[in-house]
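Data first, discussion second: the structure below is written as structure tokens.
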2 protein chains.
Amino acid sequence: MNARSEATAKTRQRLLDAALTLFSQRGYAATGIREILEVAGVTQPTLYHHFADKASLLQALIEQHYGESQNLLANVLAVEPTVAGKLIAFVTSSFEYCCADPRGPRLMFQTYYGPTVPEIDGVLDKLTDRRYRLVVDVMQLGICSGELSKSNPEFLALTLCSMVDQPLNIFSRKSRPKRYLTSELAHAIVELFLKGAGNPA
Amino acid sequence: MNARSEATAKTRQRLLDAALTLFSQRGYAATGIREILEVAGVTQPTLYHHFADKASLLQALIEQHYGESQNLLANVLAVEPTVAGKLIAFVTSSFEYCCADPRGPRLMFQTYYGPTVPEIDGVLDKLTDRRYRLVVDVMQLGICSGELSKSNPEFLALTLCSMVDQPLNIFSRKSRPKRYLTSELAHAIVELFLKGAGNPA
DNA sequence: CCAATAGTATACCGATCGTTATACTGGAGC
DNA sequence: GCTCCAGTATAACGATCGGTATACTATTGG
């Protein structure tokens, strides 16, 4: 990569960064192009040189952030030998990703729980399915190995994902101190998932 | 209530209904006043006779829907004697409320997980806190009675709420058949919550 | 019967929206 | 040195936005 390409890539990243900040805070529809331009410090022709339209910005962000978090997840799951270890790894890697920059997860929650943006509907379904699939595979593995009781792996995967998403949402929305998403909390979630809340006595 | 008041209330409800449909589908920011007018079949002076501005429509909807669902919840919890029964009642009443009309829950997810709408920030925090409080009280009761293991009741409440929200979100977003939110699923959620997914063997 | 009120029909305002267009510049690459 | 390209500065387009205003009508209630 030569100097020009590098400078161009940096400009593109500034645009994406500005859009991420604003979309995650305000939502896609309530964020105007001119605001993105101001935050990014570039002009309109530059934006339209890099992206076809506003929706392309959103799509690029969605693909980047869902992609990153899911690649990270796939990597940490691959190195854990036990199911319990994989579950902990799932939760802690989700926490770490969110602590590093809450804007990405915040945008992902919006797109998952919020109103549809027609232009990205197709691509979004594919992206959200991947995380789920990774977790389903862990559950399936746990059921086969006997670590988990016989149950619907898809139901288990959805449930653990929802248990993890709640603290992530709280953190990304309320600007809690980083100590909110602790290793202790991650362990508590997995323990609750595995052992339940009922009193065994 | 006389005939005039009744007709006026009906017009107001038509406006709220139209706004609910559009806000829940498209989001608040992406829904225009003129679209609401068209769906409601009323004119602009009528809308502004009933509501000060666009945000007042949203606030009225939020207060109505959070209020209804939480009153319903408080009522069903009050008549259940056991904690397990209360947990089942919590899940099933949430399911029933969502099946009756998924637009309300969908709007609630948007406001909870989505971008802030500054005008309703203050009122929203109060409303979301109430559901949580009701569930925390059930957990506290369960811990005191020995039905639940000693644990943080707030953590337990948040977790169960997230476990319930996931199928609600899926249902309200994907227009699944009503048989998705079954009594069996409600029982499975509570069982997973109480007993966990780990194999006791 | 008459006044009040809720609603209709319509126009308008200033502002903002996403996008397109044009002329120009500076710096990198050849 | 020259060309190309990424980016700047600026203007403009048609459309839409939330809200305000005005004249009018029909119906209800006193």
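Proteins get letters first, then strands, A, B, ... in listed order; numbering begins at 1 in each. Quick caveat, the model's predicted, so the values are computed rather than measured.
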message: Nearest to the side chain of A:D53, heavy atoms from C-beta on, is which of C:dT19, C:dG7, D:dG7?
response: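 Between C:dT19, C:dG7, D:dG7, the one nearest the side chain of A:D53 would be C:dT19.
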What is the distance from [atom1] of [X] to [atom2] of [N], rounded to the nearest Å?
X: B:E119; N: D:dG18; atom1: CD; atom2: C1'; result: 11 Å
X: A:L47; N: D:dA9; atom1: CG; atom2: P; result: 15 Å
X: B:K10; N: C:dG7; atom1: NZ; atom2: P; result: 12 Å
X: A:H49; N: C:dT19; atom1: NE2; atom2: C1'; result: 17 Å
X: B:R14; N: C:dA6; atom1: CZ; atom2: P; result: 15 Å

- request: Write out all pairs satisfying salt bridge (charged side-chain N to carboxylate O under 4.0 Å, His left out) with one or both partners inside residues 151-169 of chain A, taking only residues at least two apart or from two chains.
  value: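 Listed by first then second residue: A:R131-A:D165, A:R133-A:E154.
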If you compare every side-chain N and O of [X] against the phosphate oxygens of [N] (OP1, OP2), does one of them come in below 4.0 Å?
X: A:T46; N: D:dA6; value: no
X: B:H50; N: C:dG7; value: yes
X: A:T11; N: D:dG7; value: yes

field: Near-strand residues of residues 16-26 of chain A, defined as heavy-atom separation under 4.0 angstrom from DNA chain C
entry: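 Of all residues in residues 16-26 of chain A, none places a heavy atom under 4.0 Å from DNA chain C.
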Proximity to DNA chain D (any heavy atom under 4.0 Å), residues of residues 32-43 of chain B only: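 Hits under 4.0 Å, by residue number: B:G32, B:I33, B:R34.
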Partner residues of [X] under the side-chain contact (heavy atoms from CB on, under 4.5 Å) criterion, sequence neighbours left out:
X: A:L156; result: A:M139, A:I143, A:L148, A:S151, A:F193, B:L192, B:A197
X: A:L158; result: A:Y132, B:Q166, B:I170, B:Y180
X: A:T11; result: A:R14, A:V42, A:T46, A:H50

query: For A:K126, which residues count as a salt bridge (Lys or Arg N to Asp or Glu O under 4.0 Å) partner, sequence neighbours excluded?
result: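 With sequence neighbours excluded, A:K126 shows a salt bridge (Lys or Arg N to Asp or Glu O under 4.0 Å) to no residue whatsoever.
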task: Please name all residues satisfying salt bridge (Lys or Arg N to Asp or Glu O under 4.0 Å) with A:K10, sequence neighbours left out, ordered by chain then number.
output: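 Checked A:K10 against salt bridge (Lys or Arg N to Asp or Glu O under 4.0 Å); matches are A:E6.
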task: Please list all pairs passing the side-chain hydrogen bond (donor to acceptor under 3.5 Å, both in side chains) test where one or both residues lie in residues 95-108 of chain B, with sequence neighbours left out.
output: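 Sorted pair list: B:D17-B:R103, B:T21-B:R103, B:H65-B:Y97, B:E68-B:Y97, B:D101-B:R103.
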- prompt: Which pairs, with at least one residue in residues 26-35 of chain B and sequence neighbours excluded, count as a side-chain hydrogen bond (donor to acceptor under 3.5 Å, both in side chains)?
  reply: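 Those involving residues 26-35 of chain B are B:R26-B:E35.
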- request: Could you tell me which residues satisfy side chain to side chain donor-acceptor pair (under 3.5 Å) with A:T116, sequence neighbours excluded, listed by chain and number?
  value: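 Side chain to side chain donor-acceptor pair (under 3.5 Å) check on A:T116 returns nothing, list empty.
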- prompt: Could you run down nucleotides 20-30 of chain C 5' to 3' and tag each one B, S or - for protein heavy-atom contact under 4.0 Å?
  reply: BBB---BBSS-
task: Indicate the atoms forming the closest heavy-atom contact of B:Q110 with A:G114, along with that distance.
output: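 Shortest heavy-atom separation between B:Q110 and A:G114 comes out as CG-CA, 4.0 Å.
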query: Is the number of heavy atoms from other residues, nucleotides or ligands within 6.0 Å of CD (B:E38) greater than 12?
result: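 12 or below, so no.
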